[in-house]
J.: 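Quick one: structure below, then a few questions.
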Amino acid sequence: QVQLVESGGGLVQAGGSLRLSCAGSGRTLDSYVLGWFRQAPGKEREFAAAIRWSGGTTYYADSVKGRFTISRDNAKNTVYLQVNSLEPEDTAVYYCAAQRGWRVRTQAYEYDYWGQGTQVTVSS
């Protein structure tokens with residue numbers, strides 16, 4: 001079992017930045033891919049970014065490329081999502097998820113463990 005706990009969300013003005021954190025526990029993440037998804041009211045959960053824990057290779061959705069940066073701290077077993085140049089359309093609950101294996105997947109149903117989510121609200 002992997003437990004994931006997100007933090008760092010909040011209310012920010014358009015153009016602002018936040019750094020979201022996701023602390024993992026329960027087992028080593030070496031054989032996992034860690035992803036960030038987001039879900040806006042009335043919309044499906046969508047993929048934002050992912051990082052292969054071993055090696056650190058990163059992947060991004062086109063909608064966030066250039067504005068979001070995913071990274072990890074091995075010592076802290078924590079993955080981060082730096083979100084810059086925020087827009088009102090980025091308002092959503094942001095979820096951290098873990099997927100067993102090496103192939104990065106972008107569909108929510110393919111992830112095995114989920115955190116509780118952290119709310120990001122961007123005001124115009």
J.: Using side chain to side chain contact (heavy atoms under 4.5 Å, CB included) as the criterion, list what pairs up with Ala50, not counting sequence neighbours.
T.: Val33, Phe47, Val104, Tyr111
J.: Once rounded to the nearest 0.5 Å, what's the spacing between atom OG of Ser54 and atom OH of Tyr32?
T.: 13.5 Å
J.: Working to the nearest 0.5 Å, report the span between OG of Ser124 and CD of Gln13.
T.: 9.5 Å
J.: Report yes or no: does Thr91 contribute a side-chain atom to a donor-acceptor pair with the main-chain N or O of Val122 at less than 3.5 Å?
T.: yes
J.: Excluding sequence neighbours, so at least two apart, what forms salt bridge (Lys or Arg N to Asp or Glu O under 4.0 Å) with Asp112?
T.: Arg100
J.: Output the distance between atom CH2 (Trp36) and atom OH (Tyr60), rounded to the nearest 0.5 Å.
T.: 12.5 Å
J.: Do any N or O atoms from the side chain of Arg52 and from the backbone of Thr57 form a donor-acceptor pair under 3.5 angstrom?
T.: no
J.: Report the distance from atom OG of Ser63 to atom CD of Glu89, rounding to the nearest 0.5 Å.
T.: 11.0 Å
J.: Can you tell me how far apart CG (Leu20) and CD (Gln82) are? Round to the nearest 0.5 Å.
T.: 8.5 Å
J.: Looking only at heavy atoms, which two atoms of Trp53 and Asn74 are closest? And how far apart?
T.: NE1-OD1, 3.3 Å
J.: Looking at CG of Leu11 and CG of Leu18, how far apart are the two atoms once the value is rounded to the nearest 0.5 Å?
T.: 9.0 Å
J.: Is a side-chain donor or acceptor of Gln116 paired with a backbone partner of Glu6 at a separation under 3.5 angstrom?
T.: yes
J.: So is Arg45 actually on top of Phe37's ring, under 6.0 Å and inside 45° of the axis?
T.: no
